[in-house]
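Computed from a predicted model, the values in this text were never measured in an experiment. For the numbers below, each heavy atom of this structure counts, side chains included, while hydrogens, waters and symmetry mates do not. Sequence lines set the chain letters: A, B, ... in the order given, protein chains first and strands last, and positions in each chain run from 1.
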There are 2 protein chains.
Amino acid sequence: MLEKSWLVLDAFRPTGGPLRLTDVAERCHLPKTTTFRLLTELAEIGAVARRENGYYLGRRLFELGCIVPLERDLRHAALPFMHDLYEATHETVHLGVRDGLDVVYVEKIRGQEAFALPSRVGGRLPLTCTGIGKALLAYSGPELIEEVLARPLRRLTPHSIVDPRRLEEAIGQIQAAGLAYEREEAQPGGACIAAPVFHEGAAVAALSVSVPLPRFHPTRLAPAVKAAALGISRALSRTI
Amino acid sequence: MLEKSWLVLDAFRPTGGPLRLTDVAERCHLPKTTTFRLLTELAEIGAVARRENGYYLGRRLFELGCIVPLERDLRHAALPFMHDLYEATHETVHLGVRDGLDVVYVEKIRGQEAFALPSRVGGRLPLTCTGIGKALLAYSGPELIEEVLARPLRRLTPHSIVDPRRLEEAIGQIQAAGLAYEREEAQPGGACIAAPVFHEGAAVAALSVSVPLPRFHPTRLAPAVKAAALGISRALSRTI
DNA sequence: GGTCGGAGTTCCGTGTCACGGAACGAATTG
DNA sequence: CAATTCGTTCCGTGACACGGAACTCCGACC
């Protein structure tokens with residue numbers, strides 16, 4: 001019951017709806033009757049909403065999701081610096097943490113003329129395909145790097161790093177520069193520059209600025225990104 | 001089972017944790033045994049996380065909460081204007097919608113030196129105590145106003161409006177000015193100015209700038225807020 | 001050391017209610 | 001009108017949620 005109801009909620013990934021009863025049922029491999037009952041109960045509770053054109057994830061889920069203390073201190077410390085960074089660059093700013101072999105984005109500031117990006121707050125992307133991911137990887141210790149190299153590297157675009165040697169090279173450069181660059185490895189036409197955020201000696205998060213390739217001027221962006229990441233690290237150490 | 005599990009999740013409001021087993025049990029008025037089983041199952045699922053010092057709301061909830069399409073178009077249209085408004089004022093910017101007799105905040109941009117505010121994305125406050133709430137109320141039709149007036153007005157501070165006559169007056173002024181002001185009605189020492197966002201003739205949301213009272217200069221803020229709200233309204237009409 | 005209390009956890013018998021197949025009404029299509 | 005597809009209702013069966021009792025830990029107090 002409980003587990004099945006969360007299966008139903010997961011069926012709404014990644015769009016949040018709308019889905020029709022039948023869609024949900026077959027995504028979950030559940031009988032229509034059961035799905036119907038679950039959706040009805042979830043709707044009573046407010047976890048999903050039903051409208052004319054189907055079911056959606058509901059407000060109750062939104063409200064609870066907002067208070068998940070996931071990296072709360074981190075986000076609290078980071079947001080002002082992210083806004084400053086956005087103000088300085090007017091480009092999309094991301095904050096991400098590592099979960100397993102993925103990046104999970106926990107904050108995002110998007111510019112008005114921002115181009116379409118595959119990232120989304122709460123969403124995941126492979127560590128090796130993103131600037132934030134590579135920055136985290138480079139500062140997370142050799143065990144993680146080995147674990148990543150142990151399995152085939154995932155690819156999002158033709159430019160994604162899939163050669164283990166190239167990845168090791170890239171990690172070396174990141175460690176030397178204190179910054180990670182990414183060009184069209186996550187999104188055709190997009191590039192980004194990322195810097196790690198440290199707390200108590202560990203890279204707990206990373207910050208990035210994403211830019212359409214034609215506007216990508218690493219030397220101009222680097223100091224701002226580095227300064228913001230440093231600022232967040234300092235703010236973090238003050239909170240504890 | 002399903003309903004009880006959501007009771008358990010609600011027990012984490014408004015902080016998200018940490019809570020000990022016993023705390024959750026008595027908040028929910030459930031036997032400890034039952035609570036224990038529910039928390040264990042929820043933890044397996046990822047809806048809550050257990051650490052040394054207690055239970056927290058978990059990552060799964062965060063990820064699902066992020067994709068709730070609640071006002072998604074609205075937020076998407078509004079964010080760039082909110083960033084601009086923040087940039088122009090460097091004060092906290094809110095976007096809220098109405099749910100019943102509450103405001104639900106759906107976006108918030110907070111300045112670095114922002115003072116403590118009772119608002120939180122996903123959180124609720126009474127319509128009548130906030131600038132956003134009053135702006136929504138003033139443009140939501142007489143039925144809602146009557147419904148609000150029918151029951152005793154809630155108060156957050158000594159300055160909250162609790163006299164029905166004063167509320168009606170205030171609504172009149174808001175309708176005349178197209179802007180709602182609020183001084184220490186939600187938070188001692190805080191003031192705000194809010195403007196409604198329209199879509200297809202209805203006030204679907206409202207935008208506000210919150211300022212510490214000493215810095216509150218309505219005449220300087222008003223044009224920016226009004227312009228941003230108008231911009232969002234225009235952007236909304238373009239999306240559909 | 002002994003005792004108490006309160007925490008988290010395990011066990012298990014009972015009774016309920018979740019389950020899903022069958023069947024139905026409505027709407028759409030051929 | 002037959003045929004399909006969708007959402008919904010009904011209902012008998014059996015799994016499993018329920019919660020009281022009991023147990024284990026651990027710290028406080030005397």
Side-chain angles (χ1 to χ4, degrees), chain A residues 1-65 67-70 72, chain B residues 1-65 67-70 72:
Chain A
M1 163 90 250
L2 200 155
E3 195 183 341
K4 284 181 186 165
S5 72
W6 285 83
L7 210 61
V8 166
L9 292 176
D10 273 335
F12 286 88
R13 293 176 128 132
T15 66
L19 292 180
R20 296 169 317 142
L21 171 62
T22 314
D23 303 331
V24 179
E26 63 192 28
R27 285 200 192 195
C28 300
H29 308 289
L30 286 175
K32 257 201 311 182
T33 312
T34 306
T35 311
F36 173 70
R37 185 171 31 80
L38 289 172
L39 279 172
T40 307
E41 289 179 39
L42 287 168
E44 274 168 21
I45 286 172
V48 308
R50 78 184 310 167
R51 311 202 191 150
E52 326 71 62
N53 53 337
Y55 293 89
Y56 296 81
L57 291 183
R59 185 162 285 178
R60 180 116 166 234
L61 209 48
F62 172 73
E63 293 180 9
L64 285 173
I67 62 170
V68 173
L70 176 71
R72 192 202 283 151
Chain B
M1 162 91 249
L2 200 154
E3 196 184 340
K4 284 181 187 166
S5 72
W6 285 83
L7 212 58
V8 165
L9 292 176
D10 273 335
F12 286 88
R13 293 178 128 133
T15 67
L19 291 181
R20 296 169 318 142
L21 170 62
T22 314
D23 302 332
V24 179
E26 61 192 29
R27 285 198 192 197
C28 301
H29 308 287
L30 287 176
K32 260 203 307 184
T33 313
T34 306
T35 312
F36 173 71
R37 183 172 31 81
L38 289 172
L39 279 172
T40 308
E41 290 179 37
L42 287 169
E44 276 169 19
I45 286 173
V48 307
R50 77 184 309 168
R51 311 203 191 149
E52 327 72 60
N53 54 338
Y55 293 90
Y56 296 81
L57 290 184
R59 188 162 281 176
R60 180 115 168 238
L61 210 45
F62 173 73
E63 293 181 8
L64 285 174
I67 61 170
V68 173
L70 175 69
R72 191 202 282 150

Go through the steps for B/K32 and B/E26 under the test salt bridge (Lys or Arg N to Asp or Glu O under 4.0 Å), then give the verdict.
CA-CA 8 Å; B/K32 260 203 307 184; B/E26 61 192 29; over 6 Å; no

Euclidean distance, atom CG of residue B/L39 to atom P of C/dG8 [Å, nearest integer]:
10 Å

How would you label the contact of B/R20 with the nucleic acid (heavy atoms, under 4.0 Å): base, sugar-phosphate, or nothing?
sugar-phosphate

Calculate the interatomic distance between A/E3 atom CD and D/dA17 atom C1'; express it in whole Å.
14 Å

Starting at atom CG of B/L19, determine the distance to atom P of C/dA7, rounded to an integer number of angstrom.
14 Å

Using modelled atom types and a 3.5 Å cut-off, is there a donor and acceptor pairing between side-chain atoms of B/T34 and backbone atoms of B/L30?
no

Counting only side-chain nitrogens and oxygens, does B/K32 get under 4.0 Å of the OP1 or OP2 atom of D/dA21?
no

Can you check the A/K4 NZ to C/dA18 C1' distance for me, whole Å?
8 Å

It should be established whether A/R37 places a side-chain nitrogen or oxygen under 4.0 Å from OP1 or OP2 of nucleotide C/dG20.
no

Separation of B/L38 atom CG from C/dG8 atom P, in whole Å?
15 Å

Out of C/dT10, D/dC18, C/dG21, which nucleotide sits closest to the side chain of B/F36?
C/dT10

Under-4.0 Å side-chain N/O to phosphate OP1/OP2 contact, A/T33 with C/dG21:
no

For A/T22, report the nucleic acid contact type (base, sugar-phosphate, nothing); a contact means any heavy atom under 4.0 Å.
sugar-phosphate

Rounded to whole Å, CD of A/E41 lies from C1' of C/dC19 at a distance of 11 Å

Calculate the interatomic distance between B/L2 atom CG and C/dC19 atom C1'; express it in whole Å.
14 Å

Using the rule given for salt bridge (Lys or Arg N to Asp or Glu O under 4.0 Å), can you reason through A/D10 versus B/R60, listing the C-alpha separation, both sets of side-chain angles and the distance that settles it, and then say yes or no?
CA-CA 9 Å; A/D10 273 335; B/R60 180 115 168 238; 2.3 Å; yes

Whole angstrom value for the distance that separates P of C/dA18 from CD of A/E44:
11 Å

With distance as the sole test, does B/T35 use its side chain to make a donor-acceptor pair with the main-chain N or O of B/P31 at under 3.5 Å?
yes

Would you verify whether the NZ or CZ of B/R20 falls within 45 degrees of the ring axis of B/Y55 while also being under 6.0 Å from that six-membered ring's centre?
no

